[in-house]
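So you know, we letter chains A, B, ... as the sequences are listed, proteins then strands, and number each from 1. Hydrogens, waters and symmetry mates play no part in the numbers below; they use all other heavy atoms, side chains included.
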Amino acid sequence: MSLHLYDTATREISELVPVVPGHVGIYHCGLTVQGPPHLGHIRKEVVFDVLRRWLERAGLEVTIVANVTDIDDKILAKAVEQDRPWFAVAYENERALHAAYEALGCRPPTYEPRATGVVPEMIEMMQTLIERGHAYAADDGSGDVYFDVRSWPDYGQLSNQKVDDMQAAEDAPPEGKRDARDFALWKGHKEGDPESASWPTPWGRGRPGWHLECSAMAAKYLGTEFDIHGGGLDLRFPHHENELAQSRGAGQAFARLWMHNAMLNLGGAKMAKSVGNTLMVSEVVKRVPAIAVRFYLLSAHYRSIIEFSEEALAESAVGFERIAGFVTRAAELVGPGEPGDVPDAFAAAMDDDLSVPAALAVLSAEVTRGNTLLGDSTAGGAAAELGQVLASVRAMLDVLGVDPLSPTWADRADDSGTGAALGTLVDALLAQRQEARAERDFTTADRVRDQLTAAGIDIEDTPHGPRWSVKGR
RNA sequence: GGUGGGUUGGCCGAGAGGCGAGGCAACGGACUGCAAAUCCGUGUACACGGGUUCAAAUCCCGUACCCACCUCCA
């Protein structure tokens, strides 16, 4: 079986058939960099990172384009509020976004264009849309350019709505619009907005509307027909609906399949700045290991809402410990090896609309098998089998981006001189304890263990000798 | 008003007509000098009310509640 995904446009699960065999082009909407990313934002990032890893494992070449919206009303408002240039606000938050990607082990996209970098392409697109009768420049002298919703019969197809059923935006006075539902492709420069936030066009100076940039970027970097367009479910309307209308209206085939991840809720509502229930990625990662946070975000299917709770996050971290513990102990015994093949059942689950929870059940079974082998003190014959299990487990973890031995995570381990010094000291104490145990002097042995425990070092006696670890690492 | 999604055992979370996914917690057992870690065992849950069917958590009808979108939103 090959990868099947739920397509928001058709509301059915269908097979992914790439436009160009062997290659998959994915566009997903990045952030409007008006603030640092919260856990909800990064959930989307993790979902698409897993999709990419799974496609690459299948031998496909993946191109991912994710935009950064670096100009918009809110950024301009923040700039005024903070009394500094809009681009400083945008860039600072863009960097915070990159830090969050990295913290959770999300590989950067193939390319991450900024909205302000595709102004010429947007102008071209507007010209095409005007020529084709799907857009018009407002005749009120505002410099605004609007998409003519009534000129596009398919408008509403993605979100399954009829134009007449839509509530007209209350906060958007008709201005130069022909229909209240027409949306801005381009916003004319307004008195008081910084000059640096405007670009020249045939209709006067102005700045991009939100939706047009994505159409322009997708076409520029992925071509006018590409495989998957994604983003959070909250973007389906109006953002993605509008993108679809613009690009199709301009004569492009655009995305073949639409993939949307469900929201991350906190306190019964979508995590959002406007609701004020956000948890910054940078903060969460201080409390719980980043790899466990990622595992938590993967624990539910991508189309299911995650109702965030500290308890569930902590519980998930414990569950991940069992998996990571197996990997560490097995690697100590037979060497890390390399990730191998993934079990068929795991592949089947992933191919079925990225059913990560089902895939995790396969992982869990494999870890149990591995732990049983580890508990066997007659390791000799089992070593080869253990190595195979480890390779299989690591392969599954690699797909999910949570292999503790991968460079992404392993390189974060403490390899400073301090770490080496600690190891030497602990080993010396453990040797003393082993000596005491051999003489059945358990008072001494336990005292050594208690000292280490008090210092934050956990001790485990295994069939292969004692091992130690720093608590919580 | 319109469009979708949801409600599963103490908790998290899959499944989508017939065999109790999986994890966490709990309890019992094995292993251990004792622990820790690990393994084994123990649970008849599917919001409520009707209906269809030999068989419903799964399909249909109704009710309640929750979430998302229709305005900026991952």
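- Distances shorter than 4.0 Å separate none of the side-chain N or O atoms of A/Asn265 from OP1 or OP2 on B/rC67.
- Look at the C1' atom in both B/rG49 and B/rA14: the space between them is 27 Å, to the nearest Å.
- Of the inter-residue distances, the one linking A/Tyr27 atom OH with A/Phe48 atom CZ reads 12.0 Å to the nearest 0.5 angstrom.
- Backbone-only engagement by A/Asn160 is indicated by non-hydrogen atom pairs under 4.0 Å involving sugar-phosphate atoms exclusively.
- If you check B/rC70, B/rA25, B/rA74 against the side chain of A/Val318, the one that comes closest is B/rA25.
- One interatomic measurement links the two molecules: CZ of A/Arg236 to P of B/rC70, which rounds to 10 Å at whole-angstrom precision.
- Considering CG of A/Leu297 and CG of A/Leu104, their distance stands at 6.5 Å, rounded to 0.5 Å.
- At a threshold of 4.0 angstrom between heavy atoms, the contacts of A/Leu363 with the nucleic acid are absent.
- Under the 6.0 Å cut-off for aromatic ring centres, A/His240 and A/His260 qualify, their centroids lying closer than that.
- Residue A/Ser364 places at least one side-chain N or O under 4.0 Å from the OP1 or OP2 atom of B/rG23.
- Rounded to the nearest Å, the gap between the C1' atom of B/rC66 and that of B/rA26 is 29 Å.
- Comparing the C1' positions of B/rG28 and B/rG33 gives a spacing of 22 Å, expressed to the nearest Å.
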| request: Check step by step if side chain to side chain contact (heavy atoms under 4.5 Å, CB included) holds for A/Leu244 and A/Gln157. | output: CA-CA 9 Å; A/Leu244 183 62; A/Gln157 69 174 146; 3.4 Å; yes

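- Sequence neighbours left out, the pairs with a member in residues 386-397 of chain A that pass side chain to side chain donor-acceptor pair (under 3.5 Å) are A/Glu366-A/Ser392, A/Arg394-A/Asp403.
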Symbol by symbol from the 5' end, with Watson-Crick or G-U pairs under 3.5 Å, [ ] crossing and | another strand, RNA chain B is (((((((..(((.....[...))).(((((.......)))))....(((((..]....))))))))))))....

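- For the pair A/Asp352 CG and B/rA16 C1', the computed distance is 12 Å after rounding to whole Å.
- Taking only side-chain atoms of A/Glu315, from C-beta outward, the nucleotide of B/rG2, B/rG15, B/rC24 with the closest atom is B/rC24.
- The separation of B/rU52 from B/rA57, taken at their P atoms, amounts to 16 Å, rounded to a whole angstrom.
- Atom name C1', nucleotides B/rU8 and B/rG22: the rounded distance is 14 Å, in whole Å.
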**Prompt:** side-chain hydrogen bond (donor to acceptor under 3.5 Å, both in side chains) between A/Asp70 and A/Trp86: does it pass, once the steps are laid out?
**Reply:** CA-CA 9 Å; A/Asp70 59 342; A/Trp86 61 272; over 6 Å; no

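- Listed nucleotides: B/rC72, B/rA68, B/rA74. Nearest to the side chain of A/Asp72: B/rC72.
- RNA chain B is contacted by A/Lys44 of residues 42-52 of chain A, taking any non-hydrogen atom closer than 4.0 Å.
- A straight line from OH of A/Tyr27 to P of B/rA74 spans 12 Å, rounded to a whole angstrom.
- If you measure from atom CD of A/Gln161 to atom P of B/rG4, you get 9 Å, rounded to the nearest angstrom.
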Legend entry - Residues A/Arg11, A/Asn160; criterion side chain to side chain contact (heavy atoms under 4.5 Å, CB included); working and verdict: CA-CA 10 Å; A/Arg11 289 170 285 282; A/Asn160 196 27; 3.5 Å; yes

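- Within the cation-pi definition used here (under 6.0 Å to the ring centroid, within 45° of the axis), A/Arg256 does not qualify as a partner of A/Phe226.
- Taking the six-membered ring where the residue is Trp, A/His41 and A/His38 present parallel rings, their angle staying beneath 30° rather than reaching 60°.
- Note: A/His229 and A/Trp258 have parallel aromatic rings, judged against thresholds of 30 and 60 degrees for the angle between ring planes.
- Residue A/Gly156 is classed as having no contact, given no heavy-atom separation below 4.0 Å to the nucleic acid.
- Looking at residues two or more places apart in sequence or on another chain, you find no side-chain hydrogen bond (donor to acceptor under 3.5 Å, both in side chains) involving A/Arg95.
- Comparing A/Ala365 and A/Ser159 by the nucleotide of RNA chain B that holds the closest heavy atom to each, the one mapping nearer the 5' end is A/Ser159.
- Heavy atoms of A/Gly231 sit under 4.0 angstrom from primed sugar atoms or phosphate atoms, though from no base atom.
- Taking the six-membered ring for Trp and thresholds of 30 and 60 degrees, A/His211 and A/Phe183 have ring planes more than 60 degrees apart, a perpendicular arrangement.
- Between A/Ala262 and A/Val362, the residue anchored nearer the 5' end of RNA chain B, judged by the nucleotide with its closest heavy atom, is A/Val362.
- A/Gly268 comes within 4.0 angstrom of the backbone, heavy atoms only, and of no base.
- Taking atom P on both B/rA21 and B/rU44, the two are 13 Å apart, rounded to the nearest angstrom.
- Rounded to whole Å, the distance from CZ on A/Phe346 to C1' on B/rG22 is 14 Å.
- Taking 4.5 Å as the limit, some side-chain heavy atom of A/Trp152 sits within range of a side-chain heavy atom of A/Arg248.
- For the atom pair CG of A/Leu31 and CG of A/Leu97, the computed distance is 5.0 Å after rounding to the nearest 0.5 Å.
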Decide yes or no on side chain to side chain contact (heavy atoms under 4.5 Å, CB included) for A/Thr110 and A/Arg52, but give the supporting numbers first. CA-CA 11 Å; A/Thr110 311; A/Arg52 168 203 226 158; 4.0 Å; yes

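- Among the atoms of the strands shown, only primed sugar atoms or phosphate atoms (P, OP1, OP2) are found under 4.0 Å from some heavy atom of A/Ala269.
- Spacing of C1' atoms, B/rC19 relative to B/rG1, comes out at 46 Å, to the nearest Å.
- Crowding of A/Asp341 atom CG: a count of heavy atoms from other residues, nucleotides or ligands under 6.0 Å not exceeding 12.
- Within residues 293-307 of chain A, the residues that place at least one heavy atom under 4.0 Å from RNA chain B are, in residue-number order, A/Ser299, A/Ala300, A/His301, A/Ser304, A/Ile305.
- Look at the P atom in both B/rG2 and B/rA45: the space between them is 37 Å, to the nearest Å.
- Close to B/rC70, at under 4.0 Å from its OP1 or OP2, lies no side-chain N or O of A/Lys162.
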Nucleotide by nucleotide, nucleotides 30-40 of chain B touches protein heavy atoms under 4.0 Å in the pattern (B base, S sugar-phosphate only, - none) ---BBBBSSSS

